[in-house]
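So that the names make sense, note that chain A is the first sequence line, chain B the second, and so on, each numbered from 1.
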Number of protein chains: 2
Amino acid sequence: MLAMTEPLNQLEVWCEGKEWCPITSTTSLIGKKWHPVIIHRLLKHGPSGFNELKEAVDGISSKVLSDSLEDLENKQLVSREIVNEKPVRVQYSLTQYGESLQPVIFEMRDWGMEYLAPAEDAESSTV
Amino acid sequence: MLAMTEPLNQLEVWCEGKEWCPITSTTSLIGKKWHPVIIHRLLKHGPSGFNELKEAVDGISSKVLSDSLEDLENKQLVSREIVNEKPVRVQYSLTQYGESLQPVIFEMRDWGMEYLAPAEDAESSTV
DNA sequence: CTGTATCCACAACGATACTG
DNA sequence: CAGTATCGTTGTGGATACAG
């Protein structure tokens, strides 16, 4: 009811008619634990260095971040560029393809904000 | 509470300030392989039986579907109701909470539709 | 029809330490 | 700064068979 009404008809065929499923396809790309957070960070702050990401994500280890970035690179969602040789400086950024995920990531974020936010007594903080 | 513009500022704090992250929280709920597809199916077709889901999802085994549904139940996203005793009939449906995920799931689906759809020469299918 | 019981395989994650 | 090397643990999924 949101936007399109026509193109979605195809969906019924693909998704319920088996064989190919847009959702399964999408999760196969961003379904790993840290992928959405990493992508979100890149969406919000633009190109970032390895350690910048490591700080921002919080909780992720070097290895897992490294693995995740490599995976995202293979999937063409993130690009890796060496900016400096001396003190090695690498920059990770979203490809156009990766940026197209913005609506998905933001929707996930917004939902989490609305339904999973830790209890906040802020409203009735007048007490 | 849906259309918020203010609260999002909090996000920067929570998500980049560490500690709590809406995206990580969301993926911890629907981040498993089949969860999004199952939810999507329930969104589109409403309450369904076990085998109905098994058919619809395509590729999922009894065990994994069972495990997934149990997990979704524990997370309060899906409710399980026994409709009939004779020939056992069970019905799975989304809770209100689960239904609230619609924007997220649809966004994933739409993105997949747009960017991952298998090449279609449908345009020139006049043959 | 609606599951459970097993068992196995492998991917994913995490902690720690080390390197250019 | 930007990773890699190990190693171990757990998670997740898949195949098959069986059961209420």
Side-chain angles (χ1 to χ4, degrees), chain A residues 18-19 21 23-39 41-42 45-75 77-93, chain B residues 18-19 21 23-39 41-42 45-75 77-93:
Chain A
K18 286 68 176 305
E19 298 191 345
C21 174
I23 297 185
T24 300
S25 303
T26 298
T27 57
S28 74
L29 283 192
I30 59 171
K32 293 183 67 174
K33 183 169 183 179
W34 301 100
H35 285 193
V37 205
I38 294 171
I39 294 170
R41 156 73 198 203
L42 292 174
H45 296 255
S48 311
F50 187 86
N51 277 359
E52 270 182 300
L53 288 173
K54 190 156 157 13
E55 303 287 304
V57 172
D58 183 41
I60 197 171
S61 70
S62 292
K63 176 189 177 280
V64 174
L65 176 56
S66 184
D67 289 351
S68 301
L69 286 170
E70 189 184 341
D71 188 51
L72 287 169
E73 232 192 302
N74 292 336
K75 286 167 177 165
L77 295 173
V78 163
S79 70
R80 179 178 182 273
E81 182 189 2
I82 296 171
V83 178
N84 193 337
E85 298 281 354
K86 275 303 278 181
V88 185
R89 172 70 193 177
V90 179
Q91 187 170 275
Y92 291 93
S93 46
Chain B
K18 287 70 178 302
E19 298 192 344
C21 174
I23 298 184
T24 300
S25 302
T26 299
T27 56
S28 74
L29 283 191
I30 59 171
K32 293 182 68 174
K33 184 168 182 179
W34 302 100
H35 285 193
V37 205
I38 293 171
I39 294 170
R41 157 73 199 204
L42 292 175
H45 297 255
S48 312
F50 187 85
N51 276 2
E52 269 182 300
L53 288 173
K54 190 156 157 11
E55 301 287 303
V57 171
D58 184 40
I60 198 171
S61 70
S62 291
K63 175 190 177 276
V64 175
L65 176 57
S66 184
D67 290 350
S68 301
L69 286 170
E70 190 184 342
D71 188 51
L72 287 168
E73 231 191 303
N74 293 334
K75 285 167 177 163
L77 294 172
V78 163
S79 70
R80 179 177 183 272
E81 183 188 2
I82 297 171
V83 177
N84 194 336
E85 298 281 353
K86 279 301 280 180
V88 185
R89 172 70 192 176
V90 178
Q91 186 169 276
Y92 292 93
S93 47

Please list, chain by chain and in numerical order, all residues satisfying salt bridge (charged side-chain N to carboxylate O under 4.0 Å, His left out) with B/Arg89, sequence neighbours excluded.
-> B/Glu52
Send over the distance from B/Leu29 CG to D/dG11 P, rounded to a whole Å.
-> 16 Å
Could you pull out all residues at least two apart from A/Gln91 that satisfy side-chain contact (heavy atoms from CB on, under 4.5 Å)?
-> A/Pro47, A/Glu81, A/Val83
When the side chains of residues 29-36 of chain B are checked against the rest of the protein, which donor-acceptor pairs come out under 3.5 Å, sequence neighbours left out?
from	atom 1	to	atom 2	distance (Å)
B/His35	ND1	B/Leu29	O	3.3
B/His35	NE2	B/Asp71	OD2	3.4

Nearest 0.5 Å, what's the CG-CG distance between A/Leu72 and A/Asp67?
-> 11.0 Å
Who passes side chain to side chain donor-acceptor pair (under 3.5 Å) against B/Asn51, sequence neighbours left out?
-> none
With sequence neighbours excluded, residues passing side chain to side chain donor-acceptor pair (under 3.5 Å) with B/Ser66 = none
May I have the step-by-step check of side-chain contact (heavy atoms from CB on, under 4.5 Å) for B/Leu53 and B/Leu42, ending in yes or no?
-> CA-CA 8 Å; B/Leu53 288 173; B/Leu42 292 175; 4.0 Å; yes
In chain order, what residues pass the side-chain contact (heavy atoms from CB on, under 4.5 Å) check against B/Glu70, with sequence neighbours excluded?
-> B/Asn74
Taken in chain and number order and not counting sequence neighbours, the residues that satisfy side chain to side chain donor-acceptor pair (under 3.5 Å) with A/Ser25 are A/Trp20
Closest-nucleotide 5' rank along DNA chain D - winner of B/Gly59 and A/Arg80 = A/Arg80
Gap between atoms NZ and P, on A/Lys33 and D/dT10 respectively (whole Å) = 14 Å
Kindly state which residues belonging to residues 60-73 of chain B come within less than 4.0 angstrom of DNA chain C, counting heavy atoms of the residue only, listed by number.
-> B/Ser62, B/Lys63, B/Ser66
For A/Lys32 and D/dT10, what is the distance between atoms NZ and C1' respectively, to the nearest whole Å?
-> 15 Å
Decide side-chain contact (heavy atoms from CB on, under 4.5 Å) for A/Ile38 and A/Leu65; before the verdict, give the C-alpha distance in whole Å, the side-chain angles of both, and the deciding distance to 0.1 Å.
-> CA-CA 9 Å; A/Ile38 294 171; A/Leu65 176 56; 3.8 Å; yes
Can you tell me the distance, in whole Å, between the NZ atom of B/Lys54 and the P atom of D/dT16?
-> 12 Å
Rounding to the nearest 10°, end axes of the helix from C/dC1-D/dG20 to C/dG20-D/dC1 built from five pairs each make an angle of 50°
Hey, where on DNA chain C does chain B first and last touch, going 5' to 3'? Cut-off is any atom under 4.0 Å from a heavy atom.
-> C/dC1 to C/dC7
Which residues share a side chain to side chain donor-acceptor pair (under 3.5 Å) with A/Ser93, sequence neighbours left out = A/Ser79
Pick the nucleotide of DNA chain C nearest each of A/Trp34 and A/Val88; which residue has the one closer to the 5' end?
-> A/Trp34
